[in-house]
Amino acid sequence: MANVRCLQKVIRIQKFVLPLNAQGCWLAATCSSGTAATFHTLHQQQQQELRSKLKPACSLRRSYAKDSDKLEEFRAREEQRERERDAAEQKPGTQSGADGGTAGSGGDQGKQSAEQAAKQAKVDGIRSRILDAAMLHVPQHGWSKQAIVQGAEECGLPSVVHGMFPEGGFALVSHFNGKCNAELVQCLQKQTDNGQKEVSDPLDFLVQAVRQRLEMIEPYKSQWPQAMALIAQPQNASTALAQVLTLVDDICYYSGDRSVDFGWYTRRIGLATIMKMTELYMLQDTSPGHAQTWEFLKNRMDEAVQLQMALAQTEGMTHTFQRSFNSAFITARNILGLGYGRH
Amino acid sequence: MQNTRKLANLARLLLRRTSATAANPTTATSGTEQTTHFGYQTVKESEKELKVHEVFEQVAQSYDLMNDAMSMGIHRVWKDIFIERLGPEHGMRLLDMAGGTGDISFRYLKYLAKQPNTKQRESHVTVSDINQHMLNVGKERARQLGLTAERLPNASIDWQCADAEKLPFKSDSFTAYTIAFGIRNCTHVDKVLSEAYRVLQPGGRFMCLEFSHLNNETLQWLYDQYSFQVIPPMGQLLAGQWHAYQYLVESIRRFPRQEQFKSMIEQAGFAHVTYENLTFGVVSIHSGFKL
């Protein structure tokens with residue numbers, strides 16, 4: 001009896017804590033395993049109570065299990081919302097002009113944060129000006145504080161502003177990477193009409209995108225090993241990783257990948273790995289126009305596709321293996337008498 | 001001999017003060033004048049400068065020894081890190097305010113000596129302090145270290161007695177301004193900050209190394225115990241000055257916290273203001289740019 005009362009308390013707590021569909025699943029699991037024996041000993045009324053509590057949870061669980069139509073509708077709605085948000089962001093000038101006229105107690109707070117945003121924008125503008133000027137000195141000084149100092153002096157600022165870049169040479173590397181990534185994304189957007197146009201050969205699209213991105217490194221090829229060393233440093237790891245993952249995500253998205261399963265992760269991580277490998281290969285490639293690098297890239301892509309196909313074929317086999325392993329375990333448990341009451 | 005010199009200095013200061021009050025009769029009466037903090041005491045603003053001056057007159061001779069004893073030598077590491085953060089390049093014109101005995105300036109010159117000077121640029125540092133005694137100690141140290149005009153090929157060093165709230169320098173004449181362990185002794189910190197903004201070139205950097213507040217309650221308690229129980233007796237033993245070091249320790253606690261000081265620097269017009277805590281917040285390096 002105490003068990004049942006505990007179970008009732010747990011159900012009440014769960015209702016507040018877990019989301020409903022997960023609650024339904026959990027309840028179903030507990031009912032099937034733990035309380036099968038005690039359920040039979042329950043009073044009729046309490047049984048009714050428990051059943052009534054379970055029913056709504058189970059039905060809700062069923063309603064959350066979508067059909068593919070509903071998923072398409074959901075996706076279309078979200079993409080529409082994203083487009084509206086982008087369009088709203090496109091016109092900040094007109095909006096802030098209108099807001100500038102209204103002055104009030106609420107407006108004061110808004111003005112303060114607008115001032116701060118303006119100051120921050122000015123500082124960011126100066127930072128990118130210095131870094132852009134410093135890029136011209138990278139072939140001579142490498143990705144270092146010296147290049148930043150030269151760039152600053154070209155902008156007419158004293159050398160002391162290198163203090164705005166405490167991470168030193170890595171500031172240059174991440175600025176360069178960011179610029180190249182943005183350029184690539186713009187190119188991909190134009191090619192695919194902002195993700196609307198259907199891509200005929202996704203594999204070839206990926207290969208072309210990676211090739212385009214790696215060709216942007218060419219002017220700095222002799223200093224690129226230093227850049228890669230800076231990227232590999234642990235204090236710079238978070239920024240570098242974020243940049244790579246955003247780039248890979250963008251390329252996959254514009255190639256037409258709209259998957260919602262685990263393949264979303266495997267595809268992106270696979271592409272990032274291939275890109276890094278090709279980058280390393282390119283550093284020691286002396287063939288004209290880096291022809292061998294592009295061949296290397298094509299081969300890696302083909303290998304990845306083959307691996308994916310092989311894994312898909314064996315998926316059925318792995319399920320069988322799992323089930324047979326489970327059955328062996330359950331048989332052993334029954335022999336030992338530990339599984340009494342369970343099925 | 002020293003006593004008469006001290007008396008003369010004091011007399012000169014008092015004369016300056018009385019002439020100032022004669023010019024502004026409204027501030028002569030104590031009722032209408034602003035008060036400020038001097039450690040945990042409350043004093044008139046006009047008196048604070050005098051009292052601070054007295055403190056540093058008394059401690060000037062044993063200043064470096066006491067620094068080493070109080071911080072167990074860690075102050076050297078703090079100052080090394082401070083100059084590393086500044087990252088001087090040849091061609092820099094530094095104003096080392098409250099530079100007194102020259103710790104920051106000597107480190108600046110040593111750092112420059114290690115950098116290759118490919119374009120043969122001239123660098124400069126002006127050491128400035130309100131207290132001539134401290135500057136004299138600094139000049140003597142410079143002579144002992146051999147940092148004279150002949151030994152420094154591309155750098156020059158200048159010693160100037162000046163009040164941080166009213167600098168005698170032209171606007172836009174320095175590329176960097178540093179003030180190490182001096183700003184909490186100033187009466188009007190906002191005036192010091194705006195003067196710093198005035199004398200810096202566009203793009204110039206303001207850097208401040210100062211004792212600050214710890215975030216951790218337990219460590220703050222330990223630090224308080226050390227400051228109030230150990231430092232004044234140490235001052236009495238090593239320098240014969242209890243009250244001077246009592247003032248120094250109290251003035252640390254009256255100084256604003258890191259975030260508040262950061263907003264004061266932003267108020268003065270500096271952009272990209274950041275701060276870095278050293279030793280859990282015992283000292284803090286604030287930095288801002290005139291952009």
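Note on naming: letters A, B, ... go to the chains in the order of the sequence lines (proteins, then strands), and numbering restarts at 1 for each one.
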> For A:Glu78, does the CD atom have more than 12 heavy-atom neighbours from other residues, nucleotides or ligands under 6.0 Å away?
Replying inline: yes

> Mind checking which of residues 194-206 of chain B sit less than 4.5 Å from chain A, heavy atom to heavy atom?
Replying inline: B:Gln201, B:Pro202, B:Gly203, B:Gly204, B:Arg205

> Can you tell me how far the CG atom of B:Leu291 sits from the CE atom of A:Met164, to the nearest 0.5 Å?
Replying inline: 5.0 Å

> Can you list the steps and then say if A:Arg127 with B:His272 is a side-chain contact (heavy atoms from CB on, under 4.5 Å)?
Replying inline: CA-CA 10 Å; A:Arg127 279 177 65 114; B:His272 196 77; 3.7 Å; yes

>> With a 6.0 Å cut-off (strictly less than), is the heavy-atom count around CD of A:Gln186, excluding the residue itself, greater than 12?
In response: no

>> Looking at B:Glu217, I want to see if its CD is surrounded by more than 12 non-hydrogen atoms of other residues, nucleotides or ligands under 6.0 Å.
In response: no

>> Is A:Gln146 close to chain B through its backbone or its side chain, or both, or neither, when contacts mean heavy atoms under 4.5 Å?
In response: side chain

> Quick one: what part of A:Val149 sits under 4.5 Å from any heavy atom of chain B, side chain, backbone, both or neither?
Replying inline: side chain

> Which one, A:Ser159, A:Cys155, A:Gly163, leads in non-hydrogen pairs under 4.5 Å with chain B?
Replying inline: A:Gly163

>> Quick check on B:Lys290 against chain A: is it the side chain, the backbone, both or neither that has a heavy atom closer than 4.5 Å?
In response: neither

>> For B:Ala271, is there any backbone N or O sitting under 3.5 Å from a side-chain donor or acceptor partner on A:Lys122?
In response: no

> Any ion pair linking B:Glu89 and A:Lys145 (charged N to carboxylate O, less than 4.0 Å)?
Replying inline: yes

>> Using heavy-atom distances under 4.5 Å, tell me whether A:Glu153 contacts chain B through its side chain, its backbone, both, or neither.
In response: side chain

> In terms of heavy-atom pairs under 4.5 Å with chain B, which of A:Leu157, A:Val123, A:Val161 leads?
Replying inline: A:Val161

>> If you compare all heavy atoms of A:Val160 against all heavy atoms of B:Thr175, which two are closest, and at what distance to 0.1 Å?
In response: CG1-O, 3.5 Å

